[in-house]
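To start, the structure under review is shown below, and the notes come after it.
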Amino acid sequence: MGLATRPGPPKKGNLMDRIRIRGGNKLNGVIDISGAKNAALPLMIIPLLTPETVTLHNVPRLVDALRLQRILQNHGVDITTAGKRAGQAGGAGETLRISAKTIVDTTAPYDLVSKMRASFWVLGPLIARMGEAKVSLPGGCAIGTRPVDMHLQAMEKLGAECVIDQGYVIAKAKKGLKGGHISFAKVSVGATHAALMAAVLAHGETIIENAATEPEITDVAECLVKMGAKIEGIGTRTLHITGVTSLHGAEHTVIADRIETGTYAMVAGMTGGDVTLRGARPDTLEDVILTLRRAGIDITTTNEGMRIKRNGSDILPVDVTTDPYPGFPTDLQAQFMGLMTKAKGKSHIRETIFENRFMHVQELARLGADIHLHGDMAEVRGVAKLTGADVMATDLRASVSLVIAGLAAEGETMLHRVYHLDRGFEDLEGKLSGVGADVTRIAGA
Ligand code: EPZ
């Protein structure tokens with residue numbers, strides 16, 4: 001077994017940084033799983049609902065988390081950090097003490113929201129606590145158009161008046177929000193967060209039907225309950241909320257990142273070897289674990305987390321369709337495609353959540369992958385050999401699929417636009433080097 005990895009400070013995400021991968025090494029050892037980005041971001045937003053301090057442990061050191069800190073500071077939120085210093089052992093991330101004692105500004109400007117979509121989620125808490133909010137529309141992004149219509153419908157059901165003016169959502173509920181019946185036409189993580197964050201302080205009862213059940217929603221709901229919110233049905237498609245007049249401070253530890261876990265499971269499955277993912281929560285990845293087992297990867301769940309092994313056996317082709325939780329996550333689709341490029345046969349990967357989440361296909365092809373797109377379905381014919389090349393990251397998960405393929409490719413792969421990775425993978429090169437991969441960050445000029 002190799003040494004446990006150690007958390008370092010968040011990378012600056014220099015536009016010109018590259019990652020060089022020399023493929024072919026089997027990986028052995030322990031990787032510590034970080035706190036989930038997609039839980040940490042909404043958890044950092046909910047302190048807007050209370051004048052008291054919320055303490056979050058295990059916040060991953062990521063560019064997105066830093067960016068959100070700046071956005072929250074713009075609203076007047078005080079954030080202090082107390083975490084392990086770089087080089088200290090253990091997988092725990094940072095501890096943030098977040099205090100929104102006084103909200104000085106209810107506007108979230110375009111230049112901040114456009115850099116990170118999740119910051120749009122300040123809308124719900126700002127209306128709930130302040131009775132007004134002016135938040136820039138986030139705009140589209142590489143993986144799709146990503147509208148926010150359901151967020152606005154939810155706010156309106158809770159009694160807010162929303163207008164769109166010059167690219168901003170201007171929402172008002174001068175007499176406060178009131179409980180309502182929200183029934184989402186489709187499952188949305190963001191719209192569920194928005195509805196939940198607003199309903200906890202609304203007068204009366206709210207029912208949210210067709211709610212997202214992603215573990216990150218559950219983590220946020222559990223923190224809200226610690227803050228005094230009344231929520232029933234957590235983890236199910238129907239949430240019942242009884243509004244309270246105020247919330248108080250709380251202390252909460254961010255759940256382990258299931259997407260980072262699934263990614264490293266696919267890395268180890270691709271390279272072969274024996275890797276323990278310490279701190280992983282296998283109960284949040286059941287569909288992924290079943291899929292990887294069908295692909296010939298040996299996964300055992302242990303007290304520590306998960307152990308991933310593949311020694312000599314082939315990678316088998318498996319068909320996958322992305323779906324809201326508990327289905328196969330869209331955030332692991334690109335990585336799974338990376339794995340399937342070396343499978344012994346043909347697999348089909350269907351993306352049902354985002355209409356444009358196949359940007360990695362062209363880049364995987366540069367490494368020798370054989371992939372054909374048919375609408376929302378990719379047909380992947382496994383190849384015997386991938387060969388290193390220069391490739392370019394287009395979004396967070398797409399870029400890590402190139403790392404997976406690069407680790408199995410012959411020769412050298414140079415991954416450009418590494419800043420995408422820095423948004424969502426804490427110390428990727430440190431974690432991979434710690435288990436024997438030849439992965440080096442080359443600082444940009
Ligand atoms: C969250 O995005 C995640 N982001 C995404 O993570 C993830 O891919 C996605 O959920 C799906 O699991 C964070 O948690 C910060 P959605 P979100 O609303 O909430 C449509 C990553 O790599 N929709 O669940 O924005 C939407 O277009 C990422 O970490 C509407 O039509 O996703 C999509 O087709 C990127 N109207 C579907 O719903 C709306 O008002 C699901 O999107 C809202 C969404």
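Just so you know, these numbers use all the heavy atoms, side chains as well, and skip hydrogens, waters and symmetry mates. Ligands are counted one by one from 1 in listed order, and the atoms in each one are counted from 1 as well.
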For the pair R441 and D17, evaluate salt bridge (charged side-chain N to carboxylate O under 4.0 Å, His left out) and give the outcome as yes or no after the intermediate values. CA-CA 7 Å; R441 176 181 290 253; D17 279 6; 2.8 Å; yes
For residues 128-137, please give each side-chain donor-acceptor pair under 3.5 Å, one per line with the distance, not counting sequence neighbours.
unit_1	atom_1	unit_2	atom_2	d
R129	NH1	L48	O	2.8
R129	NH1	T50	O	3.3
R129	NH1	A100	O	2.9
R129	NH2	A100	O	2.8
R129	NH2	K101	O	3.1
E132	OE1	K174	NZ	2.8
E132	OE2	T106	OG1	3.0

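Put simply, the side chain of K226 reaches to within 4.5 Å of the side chain of H252, judged on heavy atoms.
When heavy-atom distances to ligand 1 are checked against 4.0 Å, the residues falling inside are K37, N38, A118, W121, I143, R146, P147, V148, D149, M150, H151, K186, V187, S188, V189, G190, T330, D331, I353, F354, R357, L396, R397, ordered by chain and number.
Sorted by first then second residue, the ring pair (Phe, Tyr, Trp, His ring centres under 6.0 Å) pairs that include residues 352-380, not counting sequence neighbours, number zero.
By the ring pair (Phe, Tyr, Trp, His ring centres under 6.0 Å) test, F120 is found to be paired with H151, residues two or more places apart in sequence or in another chain being considered.
For an aromatic pair to be called close, the ring centres must be under 6.0 Å apart, and F336 with F328 satisfies this.
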